[in-house]
Amino acid sequence: MSCSFTVQKTANPKPKPDPNTLKFGQTFTDHMFLMEYADGAGWHDGRIVPYAPIPLDPAAAVLHYGQEMFEGLKAYRAPDGRVLLFRPYKNAERARNSNARMCMPDFDPELFVGAIKALVDIERGWIPEKEGTSLYIRPFMFADEPFLGVHAARHYKFVIICSPVGPYYDSPGGGLVPTSIFVEREYVRAAAGGTGFAKVGGNYAGSLKAQAAAAERGCEQVLWLDAIERRYVEEIGTSNAFFVIDGEVVTAPLQGTILPGVTRDSVINLLKKWNTPVSERRITIDEVFAAGKDGRLDEVFATGTAAVISPVGRLVSAGETLNIGAGGIGALAQRLYDALYGIQTGKLPDELSWTLAV
Ligand SMILES: *Cc1c(COP(=O)(O)O)cnc(C)c1O
């Protein structure tokens with residue numbers, strides 16, 4: 001598949017934001033990628049155009065029944081000037097699985113990665129260089145067919161936008177920040193047979209209520225438990241969750257309710273390379289608290305593209321607070337962050353061939 005897209009450059013480039021005050025996802029670059037899908041015609045009219053609102057028919061299916069999916073990855077500038085993407089074919093593979101679950105059309109992974117590369121190439125001047133900053137890339141697809149019947153739409157848009165970002169959690173020194181996590185027992189994120197493994201907006205809309213309740217209790221995120229028994233730990237907010245107990249690293253298995261994070265997969269691969277015991281198995285919140293009380297819970301951390309590795313300092317559950325380790329940054333979380341961030345930014349050798357230069 002050839003990836004040639006038409007390019008219309010902006011006549012009014014925007015000023016670049018100050019890299020010292022960058023937050024997450026607040027400013028957007030000069031251009032965006034757009035492509036159409038129509039039944040019969042397939043994906044067509046891929047183009048890079050000035051960043052602008054997208055006109056939408058009020059009857060567009062996505063506005064009513066939420067038929068959409070999104071992805072997230074980052075571009076970093078290496079010390080030698082190269083622009084690096086991190087494992088973008090993993091995002092393409094996951095996006096295809098999300099589309100299949102949402103009855104949205106399939107696509108060639110080369111089209112997906114080719115579109116990202118074409119846009120990032122044009123926006124290279126927008127990639128901030130300061131430590132901890134990057135260009136966040138948000139590909140997404142949605143049903144824009146104007147029709148109120150409930151069935152899979154016959155027309156879609158594929159869009160990619162980019163945002164220069166700073167650290168996900170505010171950190172005075174620019175390093176990792178230990179978070180407080182609320183163990184959620186009322187609301188659930190995903191049930192087997194549902195859409196938990198797909199990266200779709202509906203999962204996020206359904207999680208906001210719990211997120212707001214956690215914030216009221218002074219917690220950054222929630223720890224989701226399984227929907228059936230409300231015992232097994234699943235994910236932390238919109239990241240994958242890891243628990244280090246007696247030197248063994250445990251994370252929930254991919255059985256349909258867990259989002260298969262690229263960072264999760266990378267962490268598991270690094271741990272295996274380091275000969276650190278790592279298991280994908282179910283573990284209950286009671287086991288986690290018991291290990292914490294016995295002094296066997298060494299670390300808890302979350303993984304995801306936005307924050308890479310996010311150490312957990314406290315778990316809060318129904319009136320009980322568990323401080324993890326010394327409540328600071330665990331040694332393994334720090335080592336994983338340094339290794340992953342080093343590879344992503346081209347500062348460490350890429351022995352697993354994870355980066356793709358644009
Ligand atoms: C995106 C996401 C993750 C993290 O995936 P990465 O590919 O590592 O960024 C984890 N959980 C949920 C629910 C997500 O949406």
Side-chain angles (χ1 to χ4, degrees), residues 24-25 66 68-76 85-99 101-102 109 112-113 116 134-141 163 165 167-169 179 181 184 187-192 194-211 214 220-227 232-243 251-271 280 300-310 312 333 336-337 339-341 343-344 352 354-356:
F24 189 86
E68 74 91 46
M69 75 88 199
F70 68 93
E71 274 298 328
L73 69 164
K74 284 175 171 175
Y76 294 92
L85 299 173
F86 186 70
R87 308 185 76 188
Y89 285 93
K90 294 290 284 180
N91 296 91
E93 176 192 320
R94 183 169 68 194
R96 291 179 70 201
N97 291 334
S98 296
N99 275 20
R101 180 64 181 83
M102 303 309 280
F112 187 87
V113 175
I116 291 171
S134 59
L135 186 71
Y136 185 80
I137 305 160
R138 166 56 57 85
F140 57 106
M141 300 184 189
S163 170
V165 296
Y168 196 71
Y169 295 109
T179 51
I181 305 295
E184 176 57 56
Y187 303 107
V188 295
R189 191 189 86 89
T195 56
F197 67 89
K199 206 165 179 75
V200 299
N203 290 345
Y204 278 62
S207 75
L208 296 177
K209 187 96 179 161
Q211 171 67 37
E220 277 88 0
Q221 300 284 348
V222 299
L223 174 64
W224 299 107
L225 302 178
D226 78 282
Y232 296 98
V233 296
E234 297 221 318
E235 299 204 53
I236 292 177
T238 56
S239 341
N240 295 112
F242 286 77
F243 302 83
T251 192
L254 301 179
Q255 292 173 342
T257 59
I258 305 292
L259 198 288
V262 178
T263 321
R264 174 189 182 277
D265 183 78
S266 307
V267 161
I268 291 172
N269 274 285
L270 281 178
L271 292 171
E280 296 173 66
V300 177
F301 57 88
T303 69
T305 295
V308 190
I309 305 284
S310 174
V312 175
L336 283 163
Y337 177 82
L340 267 179
Y341 186 71
I343 296 169
Q344 289 168 336
L352 295 152
W354 277 343
T355 58
L356 182 69

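Start at 1 with the first residue, then count along the sequence. All ligand and atom numbering here is 1-based and tracks the order in the structure.
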Indicate the atoms forming the closest heavy-atom contact of [X] with [Y], along with that distance.
X	Y	result
Ala75	Leu85	CB-CD2, 3.9 Å
Ala210	Val222	O-CG1, 3.5 Å
Leu223	Ala241	CD1-CB, 4.5 Å

Find all atoms of ligand 1 within a distance of less than 4.0 Å from any non-hydrogen atom belonging to [X], and give their numbers and elements.
X	result
Gly304	4 (C), 8 (O), 9 (O)
Gly261	5 (O), 6 (P), 7 (O), 8 (O)
Ser239	10 (C), 11 (N)

Report the distance from atom [atom1] of [X] to atom [atom2] of [Y], rounding to the nearest 0.5 Å.
X	Y	atom1	atom2	result
Ile137	Glu71	CD1	CD	11.0 Å
Ile258	Trp224	CD1	CH2	12.0 Å
Leu259	Ser98	CG	OG	7.0 Å

Sub-4.0 Å heavy-atom approach of Gly72 to ligand 1 =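 Distance cut 4.0 Å: Gly72 fails for ligand 1.
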
Answer with side chain, backbone, both or neither: which part of Arg94 has a heavy atom less than 4.0 angstrom from an atom of ligand 1?
->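 Just the side chain.
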
Relative to the ring of Phe301, is the ring of Phe242 parallel (under 30°), tilted (30 to 60°) or perpendicular (over 60°)?
->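 Parallel, since the angle between the ring planes stays under 30°.
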
Nearest protein heavy atom to [atom], by residue and atom, and its distance?
atom	result
atom 9 (O) of ligand 1	Thr305 OG1, 2.6 Å
atom 8 (O) of ligand 1	Thr263 OG1, 2.6 Å
atom 11 (N) of ligand 1	Glu235 OE1, 2.6 Å
atom 3 (C) of ligand 1	Thr238 O, 3.3 Å
atom 15 (O) of ligand 1	Tyr204 OH, 2.4 Å

Who gets closest to atom 13 (C) of ligand 1 by heavy atom: Lys74, Arg87, Arg189, Lys199?
->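 Among Lys74, Arg87, Arg189, Lys199, the closest heavy atom to atom 13 (C) of ligand 1 comes from Arg189.
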
Taking it one step at a time, do Lys209 and Glu184 satisfy salt bridge (Lys or Arg N to Asp or Glu O under 4.0 Å)?
-> CA-CA 11 Å; Lys209 187 96 179 161; Glu184 176 57 56; over 6 Å; no

Quick check: [X] and ligand 1, any N/O pair under 3.5 Å apart?
X	result
Asn91	no
Asn240	no
Leu259	no

With sequence neighbours excluded, tell me which residues meet ring-ring contact (aromatic ring centres under 6.0 Å, His included) with Phe197.
->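 ring-ring contact (aromatic ring centres under 6.0 Å, His included) check on Phe197 returns nothing, list empty.
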
